[in-house]
Each structure stands twice: as structure tokens, then as C-alpha cells.
Amino acid sequence: MFMHQLLKRALAILIIFVITGCGIVSLGYNRLPFLAILELDSIFDLNDEQSKLVRTELDSWLQWHRKNHLPQYVTKLEQWQILVLQDLTPAQFCKEVEVSIVLINEAVEQFIPALIPIAKTLSSAQIENWNNYQIKKDKEFLERFGPGTKGEIINQERLKKAISRAEMFYGTLTTDQKEQLAKRLEKSVFNAEQVLPERKRRHADAVNAAILIQKGAEPSQTLKKVWDNSQQSPNPSYAQYSKQMLQDGCAQLSELHNNTNSDQRLNAAQKLKGYADDFQSLIKP
């Protein structure tokens, strides 16, 4: 899970600052290289030389992202401000997800150089740290999102997270809306126990990629292949499951959104406008 884990977490840092509120975006965006280094260090325990090389690449990545992606974010957020005021179909949500995937893949290609210094120089001790980190994260994943306990139909952590995410945009959900969301999650195709083997496969694939690079494999293409395999699993069964998860997720978002009232949709539009304004202010450092 080398590429998938690191890229997902590094890009998630940006998303976290987006969803936590206006103002914080400006503060967090410019600190992305520093925050990414902290995350990478928690995984590998980087040495000083690795940190220096990675930081140089991360600074370059941020400059590229500011110039090439932030304007697209602003445009997309302005479009979403209009869309969010009306009912939306699952197909409309999936269309927007596809646009986001394109942007993520572009960002990944630019992000790969920051990972090459690590892949080339990982020591056996750092690989052990990485393996232990993954074992810990897999355990936490099952504890948080595994089957419900004590006869629960759904995992309460998933329900709590779903409600929290919805309320970040729409404001406080009504009791009926929360109940409807819980019922929808009961029908979700998500299965943590099915995801776990794929998490382990991705990690093994990533470790193997680092080993291949140290044996002379071309770094960029080797790492890109790890990312591609995380986006489209070579396991046909899991690849099909991923497609089902995407369709189910779009349907779930559509049902949640279409169950909101006009005030909640207006609140979401205002939140999106705040994000767009923040990103606009960041385009020129």
C-alpha cells in the first residue's frame, strides 16, 4: 500500500482542511509539505537526508498544485453551489466523483517524485516500521468499521461518521433524517472484512515495489503501477466490489441530499462558497 497509503493520506490532509471550515484552509494548505513530512515520518521514521529530499519535492508539488489545480477547484465548487440547491440523481453524484478521480490521478503523477527518495533508500528497519504501522492501521480499521456488535445491524462508528460528514455541509440533521441515514447504511454493500485482504494486498504490492526499485527498477513507473493497482485492483472480485461500492455510495449520497430541506441545502451552498473563496485566495501565494 505504498503509493495508495501515502498518497491517500497526503491528499487527505488537504481534504481535512477543506471540510473543517473556511479560514483553516488558508493556514493548512501552505503547510501541506510540512504536514506530509510528519505523516511520512510516522510511517517510516525518516532520516534527515530522506526528509530533506522529500521536502524539496513536496515544495515543488505544492507549487504545481497551486497553479494547476486550485483554479479547477474554484470552478468546480462554484458549479456545486448551484447543483446542491436542487435534487440530484445517483448518476449526477457519480459524474462529479469521476471528475474528482481525474484530478486525484493528475495530482498523484506529480506527487510520485516525492516518494522516490524514500523508495530508493528504505532500510530494513524502516520497512519493519512500515509493516508494523500497517498492522496497526488494519486493526484500527476493523475495530472502527467491522461488523456491529451486540446484535447491531450496522457499525455505529460508520453511522456516527456519516452523520458528522453530512452535518458539516447541511447543518444539524433532524431525527428523521438520521434514522433514514441509518436505514440506508443497513443496505450498504460495504464490508470491512472484504476490504481487509485488499488492504493487505496493496501493502504487499507497495513493499515489493520499493524492493524492486532498490534492485534497479525504474522508480516512477514502478510506483505508478502500485497506484494504478490500488485504483483498479488486479483481483477481479474486488474490482467488481469497488464498482458496486461506488454505485452504492452515489445512491446513498443522492438519497441523503434529496431528503434535505431548502435551508439545509442553502447552508451547504454557503459552505461550498466559503471553500471556493478560500481556494481563490490561495491561487496567488
Side-chain angles (χ1 to χ4, degrees), residues 1 4 8 11-12 15-16 18-19 80 83-102 104 137-202 229-269 271-272:
M1 194 179 278
H4 185 269
K8 180 180 178 182
L11 294 173
I15 297 171
I16 288 171
V18 171
I19 65 177
W80 287 352
L83 285 175
V84 79
L85 296 176
Q86 56 192 276
D87 281 357
L88 296 170
T89 66
Q92 286 176 294
F93 272 102
C94 278
K95 180 180 178 181
E96 297 307 317
V97 170
E98 290 172 0
V99 172
S100 299
I101 290 174
V102 170
I104 289 173
K137 290 300 178 181
D138 285 343
K139 181 180 178 181
E140 291 175 354
F141 172 77
L142 276 183
E143 289 175 347
R144 293 182 63 191
F145 303 114
T149 59
K150 300 179 181 179
E152 295 172 347
I153 298 177
I154 60 173
N155 180 285
Q156 292 302 308
E157 181 70 19
R158 285 188 63 218
L159 176 59
K160 180 180 178 181
K161 190 172 183 179
I163 292 174
S164 177
R165 283 176 173 174
E167 291 189 332
M168 283 181 181
F169 287 95
Y170 297 110
T172 303
L173 298 183
T174 66
T175 299
D176 179 67
Q177 287 171 331
K178 292 178 182 179
E179 291 176 351
Q180 290 298 318
L181 183 55
K183 291 179 180 178
R184 182 60 181 81
L185 287 178
E186 291 176 10
K187 301 188 296 181
S188 172
V189 301
F190 174 79
N191 184 338
E193 294 176 328
Q194 187 169 353
V195 174
L196 185 61
E198 175 68 10
R199 289 171 61 94
K200 294 181 181 297
R201 183 204 63 75
R202 291 174 180 175
N229 285 342
S230 73
Q231 297 300 96
Q232 177 68 34
S233 175
N235 180 339
S237 176
Y238 191 84
Q240 180 60 35
Y241 167 75
S242 294
K243 292 180 181 179
Q244 293 174 345
M245 273 293 297
L246 175 60
Q247 296 299 321
D248 186 62
C250 293
Q252 179 180 317
L253 288 171
S254 175
E255 291 177 26
L256 169 66
H257 175 74
N258 293 343
N259 195 34
T260 57
N261 58 46
S262 58
D263 288 340
Q264 290 171 322
R265 295 182 187 187
L266 182 59
N267 187 77
K271 186 67 68 92
L272 292 168

Asks: I'd like to know whether L185 forms a side-chain contact (heavy atoms from CB on, under 4.5 Å) with Q252, so could you lay out the CA-CA distance, the side-chain angles of the two residues, the decisive distance to 0.1 Å, and finally the verdict.
Replies: CA-CA 8 Å; L185 287 178; Q252 179 180 317; 3.5 Å; yes

Asks: Using the side-chain contact (heavy atoms from CB on, under 4.5 Å) rule, take R265 and N258 through it: C-alpha gap first, then chi angles, then the decisive distance, then the call.
Replies: CA-CA 9 Å; R265 295 182 187 187; N258 293 343; 4.3 Å; yes

Asks: Looking at K95 and E98, does any basic side-chain N land under 4.0 Å from a carboxylate oxygen?
Replies: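 So K95 does not pair with E98 through a salt bridge.
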
Asks: What's the spacing between L256 CG and I163 CD1 if we round to 0.5 Å?
Replies: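 Result: 10.0 Å between the selected atoms.
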
Asks: Less than 4.5 Å apart, any side-chain heavy atom of R184 and any of D248?
Replies: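 They are in contact (side-chain heavy atoms under 4.5 Å apart), so the answer is yes.
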
Asks: Could you tell me which non-hydrogen atom of P90 sits nearest to which non-hydrogen atom of C250, and how far apart they are?
Replies: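 Distance-wise, the nearest heavy atoms are O-CB, 3.4 Å.
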
Asks: Evaluate E167 against K178 for side-chain contact (heavy atoms from CB on, under 4.5 Å), listing each step before the verdict.
Replies: CA-CA 10 Å; E167 291 189 332; K178 292 178 182 179; 3.5 Å; yes

Asks: Just how far is it from atom CG of N267 to atom OG of S262, taken to the nearest 0.5 Å?
Replies: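 Rounded to the nearest 0.5 Å, the CG-OG separation comes out at 11.5 Å.
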
Asks: Identify the two heavy atoms, one from Q177 and one from T260, that lie closest to each other, and give their separation to 0.1 Å.
Replies: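 Result for this residue pair: NE2-CA, 3.5 Å.
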
Asks: Would you compute the distance between atom CG of L253 and atom CD of Q92 and round it to the nearest 0.5 angstrom?
Replies: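 Between atom CG of L253 and atom CD of Q92 there are 12.5 Å.
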
Asks: What's the spacing between Q194 CD and M245 CE if we round to 0.5 Å?
Replies: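 Between atom CD of Q194 and atom CE of M245 there are 9.5 Å.
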
Asks: Would you say that N191 contacts Y241 through its side chain, given a criterion of any heavy-atom pair below 4.5 Å between the two side chains?
Replies: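 Yes. Closest side-chain heavy atoms under 4.5 Å.
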
Asks: To the nearest 0.5 Å, how far apart are CG in L83 and CG in L85?
Replies: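 The CG atom of L85 is 9.0 Å from CG of L83, to the nearest 0.5 Å.
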
Asks: What I'd like to find out is whether the side chain of N261 reaches to under 4.5 Å of the side chain of Y170, using heavy atoms alone.
Replies: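 Side chain of N261 against side chain of Y170, heavy atoms only: no contact under 4.5 Å found.
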
Asks: Any non-hydrogen side-chain atom of R201 less than 4.5 Å from a side-chain atom of N229?
Replies: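 Yes; the side chains approach each other to less than 4.5 Å.
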
Asks: Would you kindly say whether E198 and S233 are connected by a side-chain donor-acceptor distance under 3.5 Å?
Replies: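 Judged by distance alone, the side chains do pair up.
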
Asks: Kindly assign one of parallel, tilted or perpendicular to the pair H257 and F93, based on the angle between their ring planes and the thresholds 30° and 60°.
Replies: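 Rings of H257 and F93: perpendicular, as their planes differ by over 60°.
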
Asks: Any idea which heavy atoms bring L196 and F141 closest together, and the distance?
Replies: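 Shortest heavy-atom separation between L196 and F141 comes out as N-CE2, 4.5 Å.
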
Asks: Check the pair N259 / Q264 against side-chain contact (heavy atoms from CB on, under 4.5 Å), numbers first and verdict last.
Replies: CA-CA 10 Å; N259 195 34; Q264 290 171 322; over 6 Å; no

Asks: Under 4.0 Å between a Lys/Arg side-chain N and an Asp/Glu carboxylate O for E140 and K137?
Replies: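 Judged by the 4.0 Å cut-off on N to carboxylate O distance, E140 and K137 do form a salt bridge.
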
Asks: How close do C94 and L246 get, heavy atom to heavy atom, and via which atoms?
Replies: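 So the minimum-distance heavy-atom pair works out to SG-O, 4.0 Å.
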
Asks: Is a side-chain donor or acceptor of S242 paired with a backbone partner of Y238 at a separation under 3.5 angstrom?
Replies: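 Checked: pair present.
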
Asks: How far does CD of E193 sit from CG of L142, to the nearest 0.5 angstrom?
Replies: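 If we round to the nearest 0.5 Å, E193:CD and L142:CG are 7.0 Å apart.
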
